[in-house]
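One structure below.
Note that this is a predicted model, so its numbers are computed, not measured. Start at 1 and go down the list; that is how both ligands and their atoms are numbered.
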Amino acid sequence: MKNPMSLAGRTIVVTGAGQGIGLGIARLAIELGANVAAVDLNADALHSAAHELGEHYLPLAGSVSDQAFVQSAVEQAVSHFGAVHGLVNNAGIGRPAMIEKMTLEQWQQVIDVHLTGSFFFTQAVGQHLLQRARAGDSAPGSIVFISSDAGRRGSLGQINYSAAKSGMFGMAMTAAREWAKHGIRANAVCFGMVETAMTEKVRTDPKFLETYLAQIALGRFASPEEVSVPVCFLLSEAASYITGQVLSVNGGYTIAV
Ligand SMILES: NC(=O)C1=CN([C@@H]2O[C@H](COP(=O)(O)OP(=O)(O)OC[C@H]3O[C@@H](n4cnc5c(N)ncnc54)[C@H](O)[C@@H]3O)[C@@H](O)[C@H]2O)C=CC1
Ligand SMILES: CC(C)c1ccc(C(=O)O)c(O)c1O
């Protein structure tokens, strides 16, 4: 029997793949047999992973909030690998400030990357998946939106980020509803605290550290490697009956029915 978690012969676009969780997802997807079109603003980071990840890895440097770049990145992925079967909207930034002090620039930068960037990629990849569906492919692909518990329960100093991460749920559910009849699935994954550069300040500040750890049922933060597994699961045929869902991967930071 074929391993249902296999991504053999699939091409996945991963945004924010230069480091952290995105790089973890790219590595695991390739290990599971996929080709990965890796998108990031940081060209040096992308190119330094190229040697390790080999011929199944296509680095594409640019911003997710530049629509012309997004269109061209998806075209390059299709022409290089033949088709695209999956998308992970992972690129993210934080621009923290308390509500009363947040500038419009801080608000807008976060919205542009998380929401507008994910919209551009979902639209461009979605158009390609729809084309394949119309040509007879009954399961053309799967889209994963990377969200956060900040979008479920709020996060101090992050009204921009929390709004963007709640928005990822809405985008996943809408894409799932619009495209289910074409066999295209869309889900969101909601992470708790993962050990990456993005959270270094919070994780290493004794003032925040104890408060956070005390709220996580498993009592520890996650590694980028372990949170990449459920993302690849959702991209794979093992998740063929899962769409429109928000999967928490947070060590029990939020527990609810
Ligand atoms: N680290 C954590 O604890 C959590 C992270 N997340 C989400 O996971 C995703 C990945 O986060 P991390 O790996 O922790 O962050 P990170 O800061 O280590 O990596 C983010 C990557 O996105 C890239 N990026 C930023 N803006 C971009 C743009 N405009 N276009 C293309 N690439 C861009 C950066 O260059 C970087 O390589 C983000 O969406 C984040 O919000 C969600 C919950 C918790
Ligand atoms: C509330 C979630 C887990 C959270 C908290 C803090 C940060 C950060 O400092 O960047 C995040 O990115 C989060 O997703």
Side-chain angles (χ1 to χ4, degrees), residues 13-27 37-49 59-70 73 88-97 106 108-121 144-169 171-172 188-205 207-209 211-213 215-216 220-228 230-231 246-254:
V13 176
V14 183
T15 72
Q19 64 179 47
I21 297 167
L23 178 57
I25 295 166
R27 274 198 182 111
V39 172
D40 206 287
L41 260 186
N42 185 341
D44 290 345
L46 285 180
H47 288 112
S48 65
L60 297 166
S63 173
V64 295
S65 41
D66 171 351
Q67 193 171 20
F69 163 73
V70 172
V88 185
N89 284 309
N90 166 79
I93 57 169
R95 294 288 181 271
Q106 287 171 312
Q108 199 60 55
Q109 283 175 346
V110 168
I111 298 301
D112 285 350
V113 175
H114 294 260
L115 288 184
T116 311
S118 298
F119 166 64
F120 287 157
F121 262 104
V144 180
F145 293 80
I146 301 301
S147 186
S148 160
D149 279 331
R152 271 204 199 282
R153 48 177 279 172
S155 180
L156 288 179
Q158 301 209 92
I159 193 168
N160 47 2
Y161 183 82
S162 303
K165 289 317 204 186
S166 300
M168 305 297 266
F169 305 161
M171 286 201 282
V189 174
C190 197
F191 293 139
M193 192 66 72
V194 186
E195 289 166 339
T196 69
M198 180 180 273
T199 55
E200 191 172 354
K201 194 155 176 276
V202 181
R203 284 183 293 105
T204 52
D205 182 337
K207 200 173 78 193
F208 292 115
L209 179 68
T211 321
Y212 262 111
L213 282 177
Q215 294 176 72
I216 301 170
R220 64 174 178 83
F221 301 133
S223 70
E225 290 73 27
E226 72 182 321
V227 301
S228 299
V231 176
V246 180
L247 174 63
S248 279
V249 178
N250 62 11
Y253 186 53
T254 53

Taking the side chain as every heavy atom from C-beta outward, state whether Arg27 and Ser228 have any pair of such atoms under 4.5 Å apart. no

OG (Ser148) and OH (Tyr161) are apart, to the nearest 0.5 Å, by 4.0 Å

Quick check: does Thr196 get an N/O under 3.5 Å from an N/O on ligand 1? yes

Atoms of ligand 1, numbered as shown, that sit under 4.0 Å from any heavy atom of Asn90: 8 (O), 9 (C), 10 (C), 38 (C), 39 (O)

Rounded to the nearest 0.5 Å, what separates atom CD in Gln67 from atom CZ in Phe120? 4.0 Å

In Val88, Val14, Thr196, the residue satisfying side-chain contact (heavy atoms from CB on, under 4.5 Å) with Ile21 is Thr196

Output the list of atoms in ligand 1 that are nearer than 4.0 Å to some heavy atom of Ile93, sorted by atom number. 25 (C), 26 (N)

Please identify which atoms of ligand 1 are closer than 4.0 Å to at least one heavy atom of Ser63. 28 (C), 29 (N), 30 (N)

Any chance you could measure Gln106, atom CD, to Ile111, atom CD1, to the nearest 0.5 Å? 12.5 Å

Option set Tyr161, Phe191, Phe221, criterion heavy-atom distance to atom 40 (C) of ligand 1, minimum: Tyr161

Met168 and Ser147 have their tightest heavy-atom pair at CB-CB, 4.0 Å

In terms of atom number and element, which parts of ligand 1 are under 4.0 angstrom from non-hydrogen atoms of His114? 39 (O), 41 (O)

Heavy-atom nearest neighbour in the protein, as seen from atom 9 (O) of ligand 2, with distance rounded to 0.1 Å: Val202 CG2, 3.2 Å

Shortest reach to atom 20 (C) of ligand 1 by a heavy atom, considering only Gly92, Gly18, Gly22, Gly20: Gly92

For Val113, is the nearest heavy atom under 4.0 Å from an atom of ligand 1? yes

How far is atom 18 (O) of ligand 1 from its nearest protein heavy atom, and which residue and atom is that? Gln19 NE2, 2.8 Å

Which ligand 1 atoms are under 4.0 Å away from a heavy-atom of Ile146? 7 (C), 8 (O), 9 (C)

Are Thr199 and Phe221 close enough that some pair of their side-chain heavy atoms sits under 4.5 Å apart? no

Rounded to the nearest 0.5 Å, the CG atom of Asp149 sits from the OG atom of Ser162 at a distance of 10.5 Å

Just need the protein heavy atom nearest to atom 15 (O) of ligand 1, so name the residue and atom and give the distance. Met198 CB, 3.6 Å

Counting only heavy atoms closer than 4.0 Å, does ligand 1 sit against the backbone of Ser147, its side chain, both, or neither? backbone

Atoms in ligand 1 flagged as close to Gly16, the criterion being non-hydrogen separation under 4.0 Å: 21 (C), 22 (O), 23 (C)

Would you check if Phe169 and Arg152 make a side-chain contact, meaning some heavy-atom pair closer than 4.5 Å? yes

In terms of heavy-atom contacts, does CG of Leu209 have more than 12 from other residues, nucleotides or ligands at under 6.0 Å? yes

Considering only the protein, which heavy-atom contact is closest to atom 2 (C) of ligand 2, and what is its distance? Ser148 OG, 3.4 Å

Tell me, which protein residue and heavy-atom name are nearest atom 4 (C) of ligand 1, and how many Å apart are they? Gly192 O, 3.9 Å

Side-chain contact, heavy-atom cut-off 4.5 Å: Pro230 with Leu247? yes

Atom 30 (N) of ligand 1: which protein heavy atom is closest, and how many Å away? Val64 N, 3.0 Å

Roughly how far apart are Thr15 OG1 and Leu60 CG, rounded to 0.5 Å? 11.5 Å

Using every non-hydrogen atom in the two residues, find where Asn89 and Phe145 come nearest and quote the distance to one decimal. ND2-CE2, 3.4 Å

Min N/O separation Tyr161 to ligand 2 under 3.5 Å: yes

Suppose I only count heavy atoms of Ala91 and a 4.0 Å limit; which atoms of ligand 1 are within that range? 22 (O), 32 (N), 33 (C), 39 (O)

Under 3.5 Å, N or O to N or O, is Ile21 touching ligand 1 that way? yes

Any heavy atom of Thr199 under 4.0 Å from ligand 1? The part involved is side chain

Can you report which non-hydrogen protein atom sits closest to atom 5 (C) of ligand 2, along with the distance? Tyr212 OH, 3.2 Å

If hydrogens are left out, which of Leu41, Val194, Asp40, Val39 has an atom nearest to atom 35 (O) of ligand 1, that is, the closest non-hydrogen atom? Asp40

Got Tyr212 and Tyr253 here, is their nearest side-chain heavy-atom distance under 4.5 Å? yes

Nearest-contact summary for atom 3 (C) of ligand 2 - protein heavy atom, Å: Gly192 C, 3.6 Å

Nearest-0.5 Å distance, NE2 of residue His114 to OG of residue Ser166: 12.0 Å

By number and element, which atoms of ligand 1 are closer than 4.0 Å to a non-hydrogen atom of Gly62? 30 (N), 31 (C)

How far is atom 1 (C) of ligand 2 from the closest protein heavy atom, and which atom is that? Ala150 N, 3.5 Å

Is any side-chain heavy atom of Gln158 closer than 4.5 Å to a side-chain heavy atom of Val110? no

Which protein non-hydrogen atom lies closest to atom 6 (C) of ligand 2, naming both residue and atom, and how far is it? Gln158 NE2, 3.4 Å

